[in-house]
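Everything on this sheet refers to the single structure shown next.
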Amino acid sequence: MPHHTKAILATGFYTGMRKGEILSLTWAKVDLKNRAIRLEAQDTKDKEPRTIPIGNDLYLILKSMPRAVHDDHVFLYEGKPLKDIRTSFYKACLDVGIKTGRAERDGLVFHDLRHTFNTNMRKAGVSESVIMAITGHATREMFDRYNTVDSTDKKQAVAQMDAFFKNVDQMVDQEELTQEKRG
């Protein structure tokens, strides 16, 4: 995969930003010192400004990227801002056997990175309100649409329930012992 495409995909994966927000991103909006991306209202789909934290992996990627003298866009190809990455995205997926496009059943599309970000944040234990503030989701309904519950989540839920029952059983056993001693 071309370096510029990797960096764009990584930005989507680590921030949950929309493709248009990423492709139009300028260095003026990237604050590496404070590790934040600051989008103005005109930069977002919902016309609401938001600040997106930059984690360690994305920080290293952005820090390593060259800056053009003639253009402030973060992502350039042959010195020009990118309008789209469909061709390189499709080719990279094809090369590794990943189905792409909405026409393909379970075909990968760029927007899936936004869903993945939401799900990964939830699995990491981040509160829904914080995730919504980062992604710009104004309603719980939209958050739910982007949050994917998978088989790992379900297995973890049952493991949590088992741990709960084990804890409850131990508490009951201790209460029974205490009552027997009192006698």
Between Leu58 and Leu62, does the side-chain contact (heavy atoms from CB on, under 4.5 Å) criterion hold? Intermediate values first, please. CA-CA 6 Å; Leu58 183 58; Leu62 293 173; 3.8 Å; yes
From [atom1] ([X]) to [atom2] ([Y]), nearest 0.5 Å:
{"X": "Leu113", "Y": "Leu108", "atom1": "CG", "atom2": "CG", "answer": "6.5 Å"}
{"X": "Met17", "Y": "Asp43", "atom1": "CE", "atom2": "CG", "answer": "8.5 Å"}
{"X": "Ser129", "Y": "His137", "atom1": "OG", "atom2": "NE2", "answer": "14.0 Å"}
{"X": "Ser24", "Y": "Lys83", "atom1": "OG", "atom2": "NZ", "answer": "10.5 Å"}
{"X": "Lys123", "Y": "Asn118", "atom1": "NZ", "atom2": "CG", "answer": "12.5 Å"}
{"X": "Phe110", "Y": "Thr5", "atom1": "CZ", "atom2": "OG1", "answer": "10.0 Å"}

So, do [X] and [Y] sit near enough that their side-chain heavy atoms are less than 4.5 Å apart?
{"X": "Asp31", "Y": "Ile37", "value": "no"}
{"X": "Ile8", "Y": "Thr11", "value": "no"}
{"X": "Thr100", "Y": "Val109", "value": "no"}
{"X": "Phe75", "Y": "His4", "value": "no"}
{"X": "Pro53", "Y": "Ile134", "value": "yes"}
{"X": "Leu82", "Y": "Leu76", "value": "no"}
{"X": "His111", "Y": "Lys19", "value": "no"}
{"X": "Thr44", "Y": "Pro49", "value": "no"}

Sidechain N-carboxylate O distance under 4.0 Å for Arg50, Glu21: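 Salt bridge flag = yes for Glu21 with Arg50.
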How close do [X] and [Y] get, counting heavy atoms only, and between which atoms?
{"X": "Asp72", "Y": "Ala28", "result": "OD2-N, 3.2 Å"}
{"X": "Trp27", "Y": "His73", "result": "NE1-O, 3.7 Å"}
{"X": "Thr51", "Y": "Ala36", "result": "CG2-CB, 3.8 Å"}

Any sub-3.5 Å donor-acceptor pair from Ser64's side-chain atoms to Ile61's backbone N or O?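 Pair found, side chain donor or acceptor close to backbone of Ile61.
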Is a donor on one side and an acceptor on the other found under 3.5 Å between the side chain of His70 and the backbone of Gly79?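 Between the backbone of Gly79 and the side chain of His70 there is a qualifying donor-acceptor contact (under 3.5 Å).
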Is the number of heavy atoms from other residues, nucleotides or ligands within 6.0 Å of [atom1] ([X]) greater than 12?
{"X": "Lys80", "atom1": "NZ", "result": "no"}
{"X": "Tyr77", "atom1": "OH", "result": "no"}
{"X": "Lys47", "atom1": "NZ", "result": "yes"}

Determine whether Thr26 and Lys29 satisfy the following criterion, side-chain contact (heavy atoms from CB on, under 4.5 Å), listing intermediate values before the conclusion. CA-CA 6 Å; Thr26 59; Lys29 294 177 176 115; 3.7 Å; yes
Tell me every residue that passes salt bridge (charged side-chain N to carboxylate O under 4.0 Å, His left out) with Arg86, counting only those two or more places apart in sequence or in another chain.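 Arg86 satisfies salt bridge (charged side-chain N to carboxylate O under 4.0 Å, His left out) with Asp84 only.
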My understanding is that a hydrophobic cluster links ILVMFWY residues whose side chain heavy atoms are under 4.5 Å apart, including indirect links. Using that, what else belongs to the cluster containing Leu94?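 Noted: Leu94 shares its cluster with Tyr90.
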Set out, in order, the CA-CA distance, both residues' side-chain angles and the distance that settles side-chain contact (heavy atoms from CB on, under 4.5 Å) for Thr135 and Thr15, then state yes or no. CA-CA 8 Å; Thr135 59; Thr15 65; over 6 Å; no
Step by step, work out the side-chain contact (heavy atoms from CB on, under 4.5 Å) result for Arg114 and Phe13. CA-CA 7 Å; Arg114 192 160 162 83; Phe13 180 81; over 6 Å; no
